[in-house]
Amino acid sequence: MKIRIFSLFPEMFEGPLTASLLGKACDKGILSIEVVNFRDYALDKHRHVDDTPYGGGQGMVLMPQPLVDALEDHAPDSANSEVILLSPQGKPFSQADAVRLSKREDLAFVCGHYEGFDERIRHFVDSEYSIGDYVLTGGELPAMVMIDTIARLIPGVIKEQASYEEDSFFQGLLEYPQYTKPRDYRGMEVPEVLLSGHHANIRRWQKKEALRRTWQRRPDLLEGYPFSAEEEALLQAVQDEEGS
Ligand SMILES: NC(=O)c1ccc(N[C@@H]2CC[C@@H](O)C2)nc1
């Protein structure tokens, strides 16, 4: 996958996108990431990219021309591409969006600053996402969040491909409790079933605990969840245990 990032602060990406798994994925050639400073496309010698808003009001607005010229100068090779604008007005970004976007060959992320972009850039983007209902100084951190979420779904980026399938098995539920060595840590023991080697019992325990955690912490995720008969029974058992 080719990722292109359009930002006024390209240096913000040096750390997160070169360290850790994403950097390794780039070394392996699974990912390639290019950061473009659209200030380089400003037409005046002072390299202005923003100006005062028509209609008055606070702050400065990003002009359309530098960004659009940058987008057109770095157009995707593939038709299987998507240009994404980051903003609080966007669609709330979800794991399902990440799964869909991980199948693209080419993604572009448009990161704004100040009061945002001139409305007319929306003719040059394909989708708009928000990572949460809060305002940041720029679109760079949301872009990094989305890139991390999407990239980890690309085969080969995280070694244990099964761990992603695992996620899909629990798609829509919160993760079940995880344990590793030691078996007894300060008197807190690992649940016996996990030591039993009985895979069917282990999976059932994991599904039950994922349902328990989801019901306790994010009951909203259970609305519309496609329960199997077994899952309904497991949730009922949890509710009986918890005295719902
Ligand atoms: N919640 C979010 O995903 C989000 C995205 C962008 C953002 N801020 C930028 C700066 C100006 C405008 O381009 C938008 N804040 C919050």
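Both ligands and their constituent atoms are indexed starting at 1 by order of listing.
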Among side-chain atoms of [X] and [Y], is any donor-acceptor pair under 3.5 angstrom?
X      : Y      : value
Ser127 : Glu82  : yes
Glu115 : Gln58  : no
Ser228 : Glu230 : no

#### Entry: Test item, Thr137 contacting ligand 1 (heavy atom, 4.0 angstrom)
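Thr137 counts as a contact of ligand 1 under the 4.0 Å cut-off.
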### Task
Measure the distances from the heavy atoms of Tyr114 to every atom of ligand 1 and state whether one is below 4.0 angstrom.
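Distance cut 4.0 Å: Tyr114 passes for ligand 1.
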Consider every N or O of [X] and every N or O of ligand 1, then say whether any pair is closer than 3.5 Å.
X      : result
Gly132 : yes
Ile131 : yes
Ser130 : yes
Tyr134 : yes

### Hphob cluster co-occupancy, Ile5 + Phe124, side-chain heavy atoms under 4.5 angstrom
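The answer is yes; both residues are in one hydrophobic cluster.
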### Task
Considering only non-hydrogen protein atoms, determine which one is nearest to atom 15 (N) of ligand 1 and report residue, atom name and distance to 0.1 Å.
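Nearest protein contact, heavy atoms only, for atom 15 (N) of ligand 1 is Leu136 N, 2.9 Å.
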### Query
Starting from atom 13 (O) of ligand 1, which protein heavy atom do you reach first, and at what distance in Å?
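Ranked first by proximity to atom 13 (O) of ligand 1 is Gly112 CA, 3.3 Å.
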#### Entry: Lys/Arg-Asp/Glu bridge criterion (N-O < 4.0 Å) met for Arg212, Glu242
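Glu242 and Arg212: salt-bridged.
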### Query
For ligand 1, which atoms, with element, lie under 4.0 Å from some heavy atom of Gly116?
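Within the 4.0 Å cut-off of Gly116, ligand 1 contributes 11 (C), 12 (C), 13 (O).
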### Message
Could you report the tightest heavy-atom contact between Tyr225 and Gln171, atom names first, then the distance?
### Response
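In terms of heavy atoms, the two residues are closest at CE1-O, 3.6 Å.
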### Message
Counting neighbours of OH on Tyr185 that are heavy atoms of other residues, nucleotides or ligands and sit closer than 6.0 Å, is the number greater than 12?
### Response
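Open.
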